[in-house]
Amino acid sequence: MENTHLRSPISPSIFRQHLLILGLAMSAALLLSTFIAGFEVYKQMRSELLLKSVMLGNNLSDRLIAGDTRGMQNLVLNTASDHEILAITLYDSKGHPVLSSGNGSLVNTDRYPDIVVEPSSHFNFYPGNIVISTPITDNSGIRGQLILQSRTVPLYRQIFQLFICFLAGFIVITILTAYVLTKKQIRLLQPALSLADVAEKVASTGDYSLRVSLEKTGDLSNLSMYFNLMLARMEAWEADMHSEAHERREAESRLSILENHDSLTKLPNRHFFHRLLTNNLEDAIANHEMMALMFIDLDHFKSISESYGYDACDQILTIMAQRLSEVLRSTDTLCRVDADEFAAVLPRVEKLDTVKSLAERLVAAMQKPLTLDGKHFIVTGSIGIACCPLHAVDQRLFLHLADVALKAAKQTGRNTWCLYDANSMDDADLIL
């Protein structure tokens with residue numbers, strides 16, 4: 001079958017009305033057929049239960065008169081073995097309960113209330129069960145009352161099966177009818193399908209360079225010409241929009257780089273660092289993982305600046321940023337958070353030994369000799385480390401503990417690293 005769902009006619013109202021009427025008619029027919037068939041099934045089930053109750057009553061009549069309890073129990077249990085039977089209760093002529101069965105076994109009737117024995121059968125329907133009351137009679141009159149309860153599940157099951165059969169049939173009829181109507185509609189509107197096909201391709205691909213082949217004759221030749229003219233104008237408009245969007249994205253990209261990166265080292269700046277730290281802390285807590293934060297501070301950088309000038313300091317910072325980045329893992333992020341201070345965010349750390357090993361390598365990388373303008377000298381750095389959730393889960397406390405560890409590293413003699421230790425690090429003792 002052809003794909004015609006996008007090839008809608010120019011005036012589809014009549015076709016849609018036909019489909020709507022067909023759907024409503026099919027739905028009404030489905031409900032009516034299911035109701036009629038379900039009512040017939042209900043009447044048949046009622047007749048079968050009534051016949052079963054009457055036959056059981058006739059068989060119990062003689063045994064009830066003779067007081068044959070064993071015989072009555074066997075008859076009732078044999079009938080109750082049918083899984084559709086919920087319960088059977090037998091009453092004598094005075095309405096006293098004689099015996100009862102439920103779920104295929106006998107039930108104590110001591111607490112059963114007496115009933116009024118009625119001369120005719122009664123049939124009651126409930127959502128969960130069907131109750132039929134039948135008098136037990138012989139030539140001398142009424143000998144008792146039999147109340148039989150049956151499940152309604154078989155009734156619902158049969159009605160549901162009928163509904164499914166009817167539904168399948170109506171679906172097939174509806175599909176075939178819709179197919180025939182659609183094919184007929186396509187034949188009637190064949191001249192417009194070429195235009196609709198191009199419109200569909202343009203809508204799905206966004207390619208405004210497509211054109212409709214112009215018919216030399218016919219009522220739709222002018223429409224095709226104007227449609228092609230519209231596509232040409234939209235193609236030119238789209239080209240202008242793409243050019244403008246490209247320029248805007250480049251401007252936004254440059255602005256984002258300026259806002260989130262340090263112009264000297266090209267590393268993420270303090271603003272980016274705080275957002276990154278927040279996200280990594282939340283992920284570590286949610287995924288029950290460990291992450292680490294390193295504060296890396298260059299030792300005696302103020303003295304270097306006074307001795308060698310700002311240009312040399314800029315070169316040193318650039319070199320240090322490159323050295324630190326080469327040591328860190330690909331998943332780690334190095335940021336410049338202050339003039340001579342860096343911060344490294346290390347997510348998904350499996351064990352502390354990984355952090356310690358990275359710290360050792362970072363310290364070694366920073367203290368390699370430098371040569372600037374023919375001058376040789378060494379720049380060292382100190383590192384303070386805190387881990388989440390080992391040391392803190394609150395961001396402000398986490399930052400504070402990493403700073404405390406950095407101060408401890410500087411007091412230890414610089415050119416080293418320290419992992420925060422609550423037992424050995426006191427804020428009051430770490431004021432530089």
Quiz item: Which is it for T134 and Q145 under the side chain to side chain donor-acceptor pair (under 3.5 Å) test, yes or no, and what are the steps along the way?
Solution: CA-CA 6 Å; T134 304; Q145 189 88 15; over 6 Å; no
Self-check item: side chain to side chain contact (heavy atoms under 4.5 Å, CB included) partner of D299, chosen from D340, T416, N415
Solution: N415
Quiz prompt | S150 side, atom OG; I85 side, atom CD1 - distance, nearest 0.5 Å | solution = 4.5 Å
Practice problem: Ignoring hydrogens and angles, tell me if any N or O in the side chain of S325 forms a donor-acceptor pair with the backbone of A321 under 3.5 Å. | Solution: yes
Quiz item: What closest approach, in Å, do K266 and H261 show between heavy atoms, and which atom pair accounts for it?
Solution: O-CD2, 3.4 Å
Quiz item: Taking side chain as C-beta onward, heavy atoms only, is Y112 less than 4.5 Å from Y91?
Solution: yes
Practice problem: Find out whether K407 and K410 are in side-chain contact, i.e. whether some heavy atom of one side chain is under 4.5 Å from a heavy atom of the other. | Solution: no
Quiz item: What's the shortest heavy-atom distance between P119 and I142, and which atoms?
Solution: CA-CD1, 3.6 Å
Exercise. Find the distance between CG (N269) and NE2 (H274) and round it off to the nearest 0.5 Å.
Key: 9.5 Å
Quiz item: Of the non-hydrogen atoms in T412 and A408, which two are nearest, and what is the gap between them?
Solution: OG1-O, 2.6 Å
Exercise. With sequence neighbours left out, write down each residue that passes side chain to side chain contact (heavy atoms under 4.5 Å, CB included) with L264, or none if nothing qualifies.
Key: D262, D314, L317, T318, R336
Practice problem: Tell me yes or no: between the side chains of D297 and S382, is some donor less than 3.5 Å from an acceptor? | Solution: no
Exercise. Could you point out which residue of M291, E289, M290 forms a side chain to side chain contact (heavy atoms under 4.5 Å, CB included) with C388?
Key: M291
Quiz item: Are R275 and H271 close enough that some pair of their side-chain heavy atoms sits under 4.5 Å apart?
Solution: yes
Practice problem: May I ask you to decide if L298's main-chain N or O and R414's side chain share a donor-acceptor pair within less than 3.5 Å? | Solution: no
Practice problem: Look up atom NE2 in H400 and atom CG in D394, then write down how far apart they are to the nearest 0.5 Å. | Solution: 11.5 Å
Quiz item: Any donor-acceptor pair under 3.5 Å linking the side chain of D338 with the backbone of E341?
Solution: no
Quiz item: Do the ring planes of F295 and F273 sit parallel (below 30°), tilted (30 to 60°) or perpendicular (above 60°)?
Solution: tilted
Self-check item: From CD1 (I296) to CD1 (I385), nearest 0.5 Å
Solution: 8.5 Å
Practice problem: Please name the pair of heavy atoms, one in A292 and one in C387, separated by the smallest distance, quoted to 0.1 Å. | Solution: CB-SG, 4.0 Å
